[in-house]
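Letters A, B, ... mirror the listed sequences (proteins, then strands); counts begin at 1. None of the values given here were measured: they were computed from a predicted structure. The analysis underlying the following values was restricted to heavy atoms, covering all of them including side chains, and did not include hydrogens, waters or symmetry mates.
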Protein chains: 4
Amino acid sequence: MAPKIVDREEKKREIVMAAMEVFSEKGVANTKMIDIARAAGIGKGTIYEYFKNKDDIFINLFELHFTEIGNAAAEVMGRYDDPAEILQQFVEITVSFLINEDHNFAEIMLDIWAEGIREHNEEINRVFNLDAVYSQYRDVIIQILQDGVDKGTFCSMDTTFTASLFIGALDGILLQWLMRKDLFDSATLTDNFMKIFINGIKKEVVK
Amino acid sequence: MAPKIVDREEKKREIVMAAMEVFSEKGVANTKMIDIARAAGIGKGTIYEYFKNKDDIFINLFELHFTEIGNAAAEVMGRYDDPAEILQQFVEITVSFLINEDHNFAEIMLDIWAEGIREHNEEINRVFNLDAVYSQYRDVIIQILQDGVDKGTFCSMDTTFTASLFIGALDGILLQWLMRKDLFDSATLTDNFMKIFINGIKKEVVK
Amino acid sequence: MAPKIVDREEKKREIVMAAMEVFSEKGVANTKMIDIARAAGIGKGTIYEYFKNKDDIFINLFELHFTEIGNAAAEVMGRYDDPAEILQQFVEITVSFLINEDHNFAEIMLDIWAEGIREHNEEINRVFNLDAVYSQYRDVIIQILQDGVDKGTFCSMDTTFTASLFIGALDGILLQWLMRKDLFDSATLTDNFMKIFINGIKKEVVK
Amino acid sequence: MAPKIVDREEKKREIVMAAMEVFSEKGVANTKMIDIARAAGIGKGTIYEYFKNKDDIFINLFELHFTEIGNAAAEVMGRYDDPAEILQQFVEITVSFLINEDHNFAEIMLDIWAEGIREHNEEINRVFNLDAVYSQYRDVIIQILQDGVDKGTFCSMDTTFTASLFIGALDGILLQWLMRKDLFDSATLTDNFMKIFINGIKKEVVK
DNA sequence: CATGAATGAGATTTCATTCAT
DNA sequence: GATGAATGAAATCTCATTCAT
């Protein structure tokens, strides 16, 4: 009995991954159920055995991804002390997720954002809550920044704005990379991003 | 002999503006032709007198906006000398366009980006070319940065990456603002953005 | 005042001719009012100054043509005595009308026939009555054939069927010619058609 | 595992037959997809599972019919020796097909012809090629006529024209019959048609 | 009179979802 | 469970006709 449940979850995951593939290529709005079914190598009707509808797949994709990246971030960030180093870790994890490990996901981030800023029905808003996700991130970053300010590493600042800028800038540079993958590689991205950002907020030492 | 005289370009503009209103509220994919017709206060069929289909409206919206913002940027930026000041102008123009003057457009940027990173048919790619738009911006920024480096204001850097970061970060923070308009206002955005960015790339003076 | 009326009739004729041009190229069903307007070099609305609707144009075209060919036939056929010669004249007039003088009309005969065999509303049936036109022709041919039988030129026959065959065969060979105009010319058509038909019905002389 | 098994070809045939029914009543141009759906007893959307659009149905109807009549003709005509007898068989098969067995098809012939003489796009011209069909028929008839000439049964003639006349006259008399089914029956049609035509081309015996 | 911009009724077409097998 | 044929609601799109200028 137990293995049955594992199979079911595994199959859902397979379908979500297939959906992600198609979403990334055509965009969420232009993806038809038949496209997902074909990509998953299953029948159209079978999808409805595992998901209520297309929105449901999208929400699952959303949850799956942010759970994973959230877990990874929580785990890794806990291991460091220096605020600048923690931010660096955050950047590396994000970049690694979007560029290296989960290539297709990067391409649908925009669809997620686009959906995220609009009003939906109760059902979707409850689960698919981009604002909540970013609030969480922002709160973590705010704490790190405050820690840095307290420790005298960072200059005094509007931590809420700076946290938003950190997150926004990271997303934004990834967006640029999506459009022109040839302009720079992921190492350049991480290194230069951190250099400029940390430089921008660090306490100037008066000599 | 003389039938009603209509300024076709003006009418097209009216329809595009009405479309923008609806796009910003529902998203491009969820907007129906009838929604646009109602918003424009015209009949369903009338839209087809001016546009081939929804894509055509979208492309016109794209062109209209980037022509305007491009013109505004070119005009204002020509008036300054100091690289840091020019960047500041660029930020202010962009922020002012997206937040103050052209409120609805900001909400559609995500749809534009989302479409922009995907492959389309020849026809669409020729006109709706996000990559080309950003290339143009990037080249302008690269020159400004290089100018600053040459003048000793900015530290030596990978100007291509830094330009991409500048543009990406600006878009990214605007994105954050779209989701949570209460977290900071446009003045805070411009000031702090510039402070951190300029600080991040300026030549450190050894004393 | 009087010249006004002449102008009006002349303009109607112009529109009908323009319509015929387009009908022959695209088929009646696939012709749009705008096509006719463009072909006539007038505005779309102007057509409605002269015709109630598209059907009305079609009916006028029908009447115009069959009045003309009917007049021509009546006039010329009255000048001959010999039944075979009269039939020959009938063929020549028809061929000349469809092939030489009124080229476009031949191409829409099929649309006329196609419409002619179907039920329509009262209005159309009253004016656009293909059956009546053919009945008229048939009655004329029947009389000619009967005359020939009486005179001993033609063998005894079912004159109703033979008249139908004469008309049908003439239409049919013209149809073949429409599809392949290179296979034979109008002189060959007339000569051979008459030779075979007259041969087919003439009284065999026992020697 | 195994969903409903449907013979796609059989279903396509059913839809084509239903379409034929409606076409014959209203004409191809005046037939709506919903009419065909209702006639076939299926949903509007189901048609699109089997056909791309109305043209596609029309083309399939064309192919289906001419394949059938072609096969029937080839089969039966192979069984006779005497040229006059073979022509008689050809007439009987055609008449039987159009009048007796495939009643509805006769009514659509005009739409087929009307479309057949016009230019279409490559795609349609390739499949829906009336000219090719008639060329085939004509070549067969030419051979039969030549055979008769060689054997001394038929007089010397322009076989290409005569073949066209044979086919055209047969179509033409059927057209007449379509308009006035009361004027003669199919037996009269076949007998008299052959009598007159054969008489018209046979070698005159000098006594 | 002449016009063509505007219209909406009605056609075509798409596609998420259902459900019999 | 798995399937894909069937569906019709809802979208797109067309075009004959009207009517203000």
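Residue C/Y50 places at least one side-chain N or O closer than 4.0 Å to OP1 or OP2 of E/dA2. Phosphate contact (OP1/OP2 of F/dT7, side-chain N/O of D/T46, threshold under 4.0 Å): present. D/K11 has a side-chain polar atom (N or O) that falls below the 4.0 Å cut-off from OP1 or OP2 of F/dA6.
Applying the 3.5 Å distance criterion, the base of E/dT13 shares a donor-acceptor pair with the side chain of D/K44.
Summarising the geometry of D/Y50 relative to D/D56, their closest heavy-atom pair is O-OD2, 4.5 Å, with the distance given to 0.1 Å. Counting all heavy atoms, side chain and backbone alike, A/A39 lies closest to A/V22 at CB-CG2, 3.5 Å. Taking every heavy atom of both residues into account, D/G116 and D/L130 meet most closely at CA-CD2, 3.8 Å. Taking both residues in full, the closest heavy atoms of D/D111 and D/G27 are given as OD2-CA, 3.7 Å, listed atom of the first, atom of the second, then distance. Across A/I36 and A/A18, no two heavy atoms sit closer than the pair O-CB, 4.2 Å. Nearest heavy-atom pair, D/A29 versus C/A29, reported as atom, atom and distance to 0.1 Å: CB-CB, 3.1 Å.
Although no hydrogens or angles enter the test, the distance criterion places a donor-acceptor pair under 3.5 Å between the side chain of B/R118 and the main chain of A/S24. Within the 3.5 Å criterion, the main-chain N or O of B/K26 finds a donor-acceptor partner in the side chain of B/N30.
Using a 4.0 Å cut-off on heavy atoms, none of the residues of residues 17-33 of chain D approach DNA chain F.
Taking atom CZ of residue D/F51 and atom P of nucleotide F/dA6, one finds them 12 Å apart after rounding to whole Å. Atom CD1 of D/I47 is separated from atom P of F/dA6 by 12 Å (rounded to the nearest Å). Atom CD1 in A/I15 sits about 13 Å away from atom P in F/dG1, given to the nearest Å. Protein atom CD1 of A/I42 is 10 Å distant from nucleotide atom P of F/dG4, rounded to whole Å. At whole-Å resolution of the value, CG in B/N53 and P in F/dA11 are 17 Å apart.
Residue-environment remark: NZ (A/K54) exceeds the threshold of 12 foreign heavy atoms within 6.0 Å.
Place B/E49 and D/K54 on DNA chain E by their nearest nucleotides, and B/E49 ends up nearer the 5' end. Looking at which nucleotide of DNA chain F each of C/I34 and B/I34 is closest to, the 5′-most match is held by B/I34.
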Nucleotide pairing, DNA chain E (Watson-Crick or G-U, distances under 3.5 Å), in dot-bracket with [ ] and |: .||||||||||||||||||||
